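In what follows, a structure is listed as structure tokens, so that the remarks can point back to it.
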Amino acid sequence: EVQLVESGGDSVTAGGSLRLSCTVSGVGVADSDIGWYRHAPGQKCELVLVINSDGGIYYYVDSVKGRFNISRDNTKNTVYLQMSSLQSEDTAVYYCVKQYLVGYDGWECPRFIGHWGQGTQVTVSS
């Protein structure tokens, strides 16, 4: 059974940094396409960035370019989302997903595809 568990969410002030972790079991992260979504209250669920099995990294939210990075540790079977220069607009529940969906445009997160973690809350106060 594939399971993903996020951790690292916290409350920080604007300009701060956080590192989210997504620990995966049941499948190797090196063999998987892993993405991070975020869902803020009253906002559409959005795919933020992903790391593919071939190592390719793709950003889907322009505002995080230069501030967010994604990486993985195959020995720990964990994918990381390093976030810096956090802004209040980054406040959301962050989910890691195995098998993400590009181009989805919906208010709710597309939980009908892939495997999802339970989410971790990031709150940025100005």
Side-chain angles (χ1 to χ4, degrees):
E1 180 184 5
V2 177
Q3 291 187 326
L4 296 88
V5 178
E6 303 95 334
S7 61
D10 205 345
S11 295
V12 297
T13 56
S17 300
L18 282 175
R19 188 179 77 163
L20 306 184
S21 299
C22 173
T23 301
V24 182
S25 59
V27 67
V29 295
D31 302 318
S32 305
D33 299 338
I34 302 291
W36 285 94
Y37 281 84
R38 67 183 182 184
H39 197 188
Q43 303 294 318
K44 291 184 177 180
C45 185
E46 55 182 0
L47 179 62
V48 181
L49 77 163
V50 307
I51 182 167
N52 288 341
S53 57
D54 62 0
I57 293 173
Y58 301 94
Y59 288 79
Y60 293 95
V61 176
D62 287 342
S63 66
V64 308
K65 291 179 180 178
R67 301 189 299 118
F68 288 15
N69 285 297
I70 190 170
S71 62
R72 68 187 180 204
D73 185 331
N74 296 339
T75 63
K76 296 181 179 179
N77 220 34
T78 299
V79 173
Y80 301 100
L81 179 62
Q82 180 68 51
M83 307 184 293
S84 60
S85 301
L86 283 161
Q87 306 166 358
S88 56
E89 297 77 32
D90 298 317
T91 294
V93 178
Y94 284 73
Y95 300 92
C96 66
V97 181
K98 179 186 180 301
Q99 289 184 292
Y100 51 87
L101 183 62
V102 177
Y104 173 82
D105 184 29
W107 291 98
E108 297 301 320
C109 290
R111 292 180 170 272
F112 50 86
I113 57 98
H115 296 84
W116 290 68
Q118 82 288 352
T120 187
Q121 176 71 49
V122 172
T123 303
V124 184
S125 59
S126 56

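Numbers for residues simply follow the sequence, beginning at 1. Atoms considered below: every heavy atom in the structure, side chains included; atoms not considered: hydrogens, waters and symmetry mates. Everything quoted here is computed from the prediction, not taken from an experiment.
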Residues at least two apart in sequence or cross-chain that pass ring-ring contact (aromatic ring centres under 6.0 Å, His included) with Y37, listed by chain then number, are W116
Do [X] and [Y] have side chains that get closer than 4.5 Å, going by heavy atoms?
X    : Y   : answer
T123 : V12 : no
T23  : L4  : no
L101 : L47 : no

Rounded to the nearest 0.5 angstrom, the CG-CG distance for L49 and L81 is 5.5 Å
Rounding to 0.5 Å, atoms CZ (F68) and OG (S63) come to a distance of 7.0 Å
Distance alone, cut at 3.5 Å: any donor-acceptor contact between the side chains of D33 and Y58?
no
Applied to residues 8-22, the side-chain hydrogen bond (donor to acceptor under 3.5 Å, both in side chains) test, sequence neighbours excluded, yields none
Which of I70, V50, N69 passes side chain to side chain contact (heavy atoms under 4.5 Å, CB included) with I57? Answer is I70
Residue set satisfying side-chain hydrogen bond (donor to acceptor under 3.5 Å, both in side chains) with T75, at least two apart, ordered chain then number -> D73
Sorted by chain and residue number, the side-chain hydrogen bond (donor to acceptor under 3.5 Å, both in side chains) partners of D62 (sequence neighbours excluded) come out as K65
Among the clusters formed by ILVMFWY side chains lying less than 4.5 Å apart, do [X] and [Y] turn up in the same one?
X   : Y   : value
Y60 : M83 : no
Y59 : I34 : yes
I51 : V29 : yes

Taking [Y]'s backbone N and O only, do any of them form a donor-acceptor pair with [X]'s side chain (distance below 3.5 Å, no angle check)?
X   : Y    : result
T78 : K76  : yes
E6  : G119 : yes
N77 : V27  : yes

Next on the checklist: Could you go through Y100 and V48, starting from their C-alpha distance and side-chain angles, then the distance that decides it, and tell me whether this counts as side-chain contact (heavy atoms from CB on, under 4.5 Å)?
Outcome noted: CA-CA 10 Å; Y100 51 87; V48 181; over 6 Å; no
Would you mind writing out the side-chain donor-acceptor pairs for residues 104-111 within the sub-3.5 Å range, not counting sequence neighbours?
unit_1: Y104; atom_1: OH; unit_2: E108; atom_2: O; d: 2.7
unit_1: D105; atom_1: OD1; unit_2: K44; atom_2: NZ; d: 2.9
unit_1: D105; atom_1: OD2; unit_2: K44; atom_2: NZ; d: 3.2

Please tabulate, one pair per line, all N/O donor-acceptor pairs under 3.5 Å involving side-chain atoms of residues 84-99, not counting sequence neighbours.
unit_1: S84; atom_1: OG; unit_2: R67; atom_2: O; d: 2.9
unit_1: D90; atom_1: OD1; unit_2: R38; atom_2: NH1; d: 3.0
unit_1: D90; atom_1: OD1; unit_2: R67; atom_2: NH2; d: 3.0
unit_1: D90; atom_1: OD2; unit_2: R67; atom_2: NH1; d: 2.8
unit_1: D90; atom_1: OD2; unit_2: R67; atom_2: NH2; d: 3.4
unit_1: D90; atom_1: OD2; unit_2: Q87; atom_2: N; d: 2.8
unit_1: T91; atom_1: OG1; unit_2: S88; atom_2: O; d: 3.0
unit_1: T91; atom_1: OG1; unit_2: V124; atom_2: N; d: 2.9
unit_1: T91; atom_1: OG1; unit_2: V124; atom_2: O; d: 3.4
unit_1: Y94; atom_1: OH; unit_2: R38; atom_2: NH1; d: 3.0
unit_1: Y94; atom_1: OH; unit_2: D90; atom_2: O; d: 2.6

Heavy-atom closest pair (C22 atom, W36 atom, distance to 0.1 Å) is CB-CZ2, 3.6 Å
